[in-house]
Number of protein chains: 2
Amino acid sequence: MKKVKIPEATIARLSVYSRFLNRMEKNGVDTVSSGEIAKGTASNSAQVRKDFAYFGGFGKRGVGYDVIDLNRNIKEILGLNKEWRAIIVGMGNLGKALAYYHGFSTRGFKIMGLFDNDPQKIGEKIDTLTVQDDQVMEKFLDNNEIDIMILTLPAEYTQAVVDRVEGKGIKGILNFAPTVIHASEGTQIRNVDLAVHLEVMSYNLTHSINKEQE
Amino acid sequence: MKKVKIPEATIARLSVYSRFLNRMEKNGVDTVSSGEIAKGTASNSAQVRKDFAYFGGFGKRGVGYDVIDLNRNIKEILGLNKEWRAIIVGMGNLGKALAYYHGFSTRGFKIMGLFDNDPQKIGEKIDTLTVQDDQVMEKFLDNNEIDIMILTLPAEYTQAVVDRVEGKGIKGILNFAPTVIHASEGTQIRNVDLAVHLEVMSYNLTHSINKEQE
DNA sequence: TCCTCCTTGTGATAATTCTAACATATATTG
DNA sequence: CAATATATGTTAGAATTATCACAAGGAGGA
């Protein structure tokens with residue numbers, strides 16, 4: 001629908017800005033400048049303004065941005081004014097960590113179900129949820145409207161799980177396994193590979209690349 | 001030292017390629033083409049070849065790439081031929097998950113110590129390690145050569161920890177807290193914000209952006 | 001050996017993304 | 001009410017990154 005294509009990097013930064021603004025809100029700050037946002041998020045002021053400009057003007061010249069107002073706008077842009085309902089499949093350590101992770105729930109992502117195929121894990125209580133047998137996952141998806149599936153299982157099992165939920169209303173898949181998965185047209189897939197970060201760091205350290213964080 | 005600046009995106013992709021090559025190695029495949037690598041890593045063949053070209057020619061025209069040879073080359077480029085020694089500070093769920101995470105150890109990142117300030121957590125055994133009181137962290141760093149510090153603690157505590165390890169030989173910091181941290185010149189800082197991925201997905205779903213994964 | 005097929009490596013081109021600079025708008029002060 | 005200081009919004013330009021297209025190298029078969 002949008003005329004101009006918005007860089008994904010801009011979207012990612014909006015997400016970071018928003019978390020910074022949350023902190024400002026909590027601290028009772030009511031106005032910030034693009035420069036302050038930049039400093040708090042390892043960006044630069046021109047970038048910050050440019051990012052906002054894609055969506056219109058949120059600030060007042062000579063003054064800055066109203067923290068609450070700006071944050072509300074960003075959240076709306078990001079689609080965080082609705083509640084997203086997710087399940088986590090694979091209750092290994094990472095799955096558990098994400099199930100407990102408050103950084104998701106406080107941003108509008110509600111974990112509705114946890115699944116695993118390991119009898120030892122099934123029945124285990126994690127926060128307010130109980131790990132379910134992954135055999136009942138399809139039925140669960142029929143009875144509950146779930147938007148997002150978070151995959152935290154070994155690479156070799158991921159595609160099978162994706163195939164099983166085909167047509168069950170899952171709109172997005174966040175895949176932590178280091179493997180490419182295929183889903184039907186229109187299902188949003190995002191791969192998160194935690195090792196990449198360490199390996200890029202390894203590269204930078206090895207070649208003494210000083211990435212300034214200013 | 002390098003003449004041409006290599007895109008960070010290239011480095012990140014090399015990391016992904018390498019994991020794909022690991023799998024090929026395990027499957028006994030001995031030659032792959034750029035097209036096959038592309039298919040297995042959600043990239044495209046020209047991109048793959050270009051990425052390699054920054055570092056020289058690893059393949060044979062008409063044939064492809066020797067899996068083992070290419071993988072060794074990539075790992076060397078990434079600096080993974082040495083062992084990186086790391087500690088994790090903050091033994092919440094994410095910290096624990098990373099402590100258990102084999103995706104790090106199998107890539108040459110050895111977790112040497114775990115720290116927390118919660119008496120309940122101190123002494124807890126995680127895999128082969130025991131959580132230590134974070135008060136002894138400085139002494140631990142004096143006695144052990146540690147390259148990397150992984151931070152998985154609440155945003156408000158991160159900077160204090162970073163300040164405490166100043167001058168203790170830490171070369172890189174992988175920060176999972178959603179806040180900017182400052183370290184001395186030359187210390188590599190990488191921020192990983194898990195919520196960003198979900199929020200970008202939220203944006204894409206909200207604006208029905210179909211990112212093809214081909 | 002020659003011919004065909006295949007896949008790399010690369011130079012040119014296109015697209016994207018970031019940076020810089022400045023004109024415009026707002027608040028404040030005297 | 002004018003002058004000044006401040007910070008936004010935006011346009012133009014620079015830099016980076018990705019894509020394309022093809023020439024060149026190598027393998028294998030006739």
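To find a chain, count down the sequence lines: A is the first, B the second, and so on, and within it residues start at 1. Heavy-atom basis, side chains included; hydrogens, waters and symmetry copies ignored.
- If you find the closest nucleotide of DNA chain D to B:R13 and to B:R49, the one lying nearer the 5' end belongs to B:R13.
- Along DNA chain D, the nucleotide closest to A:Y65 and the one closest to B:A46 are compared, and the more 5′ of them pairs with A:Y65.
- At a cut-off of 3.5 Å, with distance as the only test, no side-chain donor of A:N81 or A:E76 sits close to an acceptor on the other residue.
- C:dT16 atom P lies 13 Å from atom CD1 of A:I6, rounded to whole Å.
- The distance from atom CZ of B:F52 to atom P of C:dT10 is 14 Å, rounded to the nearest whole Å.
- Using modelled atom types, no side-chain atom of B:N175 and backbone atom of B:R190 make a donor-acceptor pair closer than 3.5 Å.
- Between A:D66 atom CG and D:dA7 atom P the separation is 16 Å, expressed in whole Å.
- Looking at every heavy atom in both residues, A:R49 comes nearest to A:Y65 through CG-OH, 3.7 Å.
- Between the OH atom of B:Y54 and the C1' atom of D:dT16 there is a distance of 9 Å, rounded to whole Å.
- Residue contacts for A:F58: at a heavy-atom cut-off of 4.0 Å it reaches the sugar-phosphate backbone alone, with no base atom in range.
- For A:T179 (side chain) and A:T158 (main-chain N/O), no donor-acceptor pair under 3.5 Å exists by modelled atom type.
- Listed pair B:N44 / D:dT19 meets the phosphate criterion, a side-chain N or O lying under 4.0 Å from OP1 or OP2.
- Distance B:Q47 CD to C:dA14 P: 18 Å, rounded to the nearest Å.
- Straight-line distance from the NZ atom of B:K50 to the P atom of C:dT8: 16 Å, rounded to whole Å.
- When heavy atoms are screened at a 4.0 angstrom cut-off, B:S34 is found touching the sugar-phosphate backbone but no base atom.
- In this structure, CG of A:L70 is placed 14 Å from C1' of D:dA7, rounded to the nearest angstrom.
- For B:K60 against C:dT7, a side-chain-to-base donor-acceptor contact under 3.5 Å is absent.
- What separates CD1 of A:I37 from C1' of D:dA7 is a distance of 12 Å, to the nearest Å.
- No side-chain donor-acceptor contact under 3.5 Å links A:R107 and A:S15.
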